[in-house]
Amino acid sequence: MGRAEERRARQRGGRRAAPPARSSGTPSEGVAPGGRAAARKAAARGKKGTKNGKSGIRRLFTWKKILGTFLGFCLLGIGAFIVMYMMIDVPKGNAKAQEQSNIYKYSNGSVMAREGDTNREIVDLSEVPKPVQRTFVAAENKTFYTDSGVDLKGTARGLLNTLSGKGKQGGSTITQQYVKNYYLDQDQTVTRKLKELVISLKVDRTTSKDKILAGYINTSYYGRGAYGIQAAAQDYYRVDAKKLSVAQGAYLAALLQAPSQYDWAVASPTGKKLVQARWNYVLDNMVKQGWLDQTKRAEMTFPKPEEPRAAPGLEGQKGYFIKLAKQQLEKQLMAKENITQDEAEARVENSGWTFTLNIDKKKQAQLEKSVKDQLTKQLDPKKRNVDRNVQAGAVSVDPKTGKIVALYGGTDYTKHFYSNANRTDYQPASTFKPVILAAALENASETQSGKAIGANTTYDGTSKRQVVDSNGNKVGFAPENEDDHNYGKQVTVQTAMNQSINSVFAQMGVDVGMDKVLATATKLGMDTGKLRPLPAYTLGTMGASPIQMAGVYATLDNHGKQVTPTIIKSAEQGGTEFQMPDPIGEQVISREAADTVTSVLTGVVNDGTAEKSVQQNPARDGRKVAGKTGTSDDNKSAWFTGYTPDLVTSVGLFGENYKTKAQAKMYGVGGEPRVNGGGFPAEIWAEYTFGVAGKNTKFDLDTDQGAAVQPTWTPSPTPTRSDTPSSTPTTEEPSETPSETPSETPSQTPSQSPSQSPPTGEQSTPVEISTSPENPFDPNDDQ
């Protein structure tokens, strides 16, 4: 190697090259002439490539190559977007073209009702006061007047959520929402979102901001079947859009975020807090934008909207059927398509669905007749003003199929918007006691003396007896029996169920464990929400609807296989049937436990609180019946839920002030001192059931306990009174507005709370529970 070559080798290798090996001029050790130089160069390159232990792979990922690849992808994406921008044109508005009537049929296929004329009236933006226009901008898109019509960050977030299956995410501008409402559809797909982006850019470039805003407020859905601001102004405030105040406009603007949850008339306590927070947020944004004077803002109070008005053609019970059918379909759309409740509602309203309901015309007619005969005809509002404060609700279910074959939601859907069959704001009272027994049997629970709990297990039936825990410590709960009656120290569970003895079931619930009792209630079909395992719930002081209680008893009648009452037989759209879940679910409690409860409940009818109305009813004709009465605290609700082997029906009477809609006491209704479950509710149940239920049917029970398989023993009551004082917690006042569950299992439900105070007899005893759930409203999400 010459000197020049040696210098170059040192430069390449970073150190002085080794001196060339001497040779005789002939190849040695298999190296060809001139090969040593090439080998030295290769060795030098190898040492450079492995410097500091780094492999040659690093050369494949240099920052230049990474940057080049990134820029390449960016150019490719830009090119694809340019092509997409050129290829996608702004389509003709198709919102009106997609609107079709929904058709509702009875189970036999005969048409019940059509629902389809869209509640929308287009108004010019000039007819909407400027401050009201700005409430929508403040609520949805503060940069609306200056942006390019799209929110790239929000759209990217929406695309990622769609791809990852997380569903809807806020972030669209007013322009994008208008495009979605008027030009596209509600599908949560990547294709639709990309189209929305392109069309929004084009619309913003060719259309004035005022026209876009007008289109947005005229096409948005506000709940209650109202599309557009004019229909919403009429439905919520009974005024035209031009007469809306800023406060009212702010409510309608807030409503768009979640119309179903934020409708004041049916919102849960959490929903009401959220919509008020959203309303405040809108007005505060207007102040920040300089659109509203701070002093005027401080003087504003929340404008509670008017009660809903039923659509024409939904009179009688039909409106209740249709509302429940839509709620149940929306729930399944939410679950299967991962969409929000409001998106599901928009999918169902005026979208060409054909519903076939499970309602049996004959059974429905009989149920309505029974309510009229056994309740309405007994009321005289002119003579007794209290007779105005009674609402009836009932649901009848086939326990083998889960079909709701008859339903009574109220006097008339056009007069009483809330469905009494689906409301959850009243206590089920003693109709909850069978759930406690089911939990005891299912969990093989024992008394504190170590005896297995069953139909013949004895308890202390002393009124106001202090309940004690497993260590013998008082738990601060001593419920009073009806009329403060004492039943003695040795009362069987069978007798306690027959006579609805509060002191027995309060102690039994603690023996079983209230966590297990509530878990069993959930399995059987009740919505226990976030209820804490408190002893007071042994007396049914939570809220429940006739639909829920019918589901619980239908599951017992069905030998422990869960029954979820459903009104939908089929739902079709465009010739394609939407697959609803099977109403009959899995085995949630053992057959033996369920059948034992049924056996015990036959005693309530034969020897207990329902004996006169049911057992002695001349129309019974030998039918086998099981059931339970219930009367809540202060006589605000009264129940009878019962069943034959082939039909389960839950009937509830609810005290509701006819003016304020607040819960009211029913003392004196129909001339009776007190409305008990064994009175009007059981009488309605008996006339209906014995008019339609099959004859000569018997319970097929897998049990050796209870009144159905052995004689019952009723101990002689003792006249002694307990000297133990009652320690009954207090509770909050009831809500003035009844809550209505959108589906049998409610929609993201806040914790429930009892709405009444201490009981007597089979009546329930309340307990104080927090009703202030954490407010999840995020004021930073202004899109």
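The structure presented is a predicted model; accordingly, all values stated were derived computationally and were not measured.
- The aromatic ring centroids of F302 and W264 lie less than 6.0 Å from each other.
- Judged by distance alone, the side chains of Y237 and E306 never bring a donor and an acceptor atom under 3.5 Å apart.
- Annotation: the span from I217 atom CD1 to Q133 atom CD amounts to 6.5 Å, rounded to 0.5 Å.
- Contact detail for M580 and Q328: the closest heavy-atom pair is CE-O, 4.0 Å.
- Qualifying side-chain contact (heavy atoms from CB on, under 4.5 Å) partners for T576, counting only residues two or more places apart in sequence or in other chains: none.
- At least one side-chain heavy atom of R297 sits under 4.5 Å from a side-chain heavy atom of N280.
- Both tests pass for R423 against the ring of F654: distance under 6.0 Å to the centre and angle within 45° of the axis.
- Counting only N and O atoms by type, the side chains of S208 and D210 include no donor and acceptor under 3.5 Å apart.
- For the pair K361 and Y106, the distance from NZ or CZ to the six-membered ring centre is under 6.0 Å and the angle to the ring normal is within 45 degrees.
- A side-chain donor-acceptor contact under 3.5 Å links T528 and T522.
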Determine, stepwise, if the pair R238 / E307 fulfils salt bridge (charged side-chain N to carboxylate O under 4.0 Å, His left out). CA-CA 10 Å; R238 308 290 192 264; E307 293 289 313; over 6 Å; no
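- Taking the ring centre of F578 as origin, the terminal cationic atom of K336 falls inside the region bounded by 6.0 Å and 45° from the ring axis.
- Taking the six-membered ring for Trp and the full ring otherwise, F321 and Y104 have centroids separated by 6.0 Å or more.
- A side-chain donor from one of D124 and S126 sits under 3.5 Å from a side-chain acceptor of the other.
- One side chain, D240 or Q230, offers a donor N or O that lies under 3.5 Å from an acceptor on the other.
- There is a side-chain donor-acceptor pair under 3.5 Å between E368 and Q364.
- In summary, of the residues considered (Y222, Y216, Y221), a ring pair (Phe, Tyr, Trp, His ring centres under 6.0 Å) with Y227 occurs for Y221 alone.
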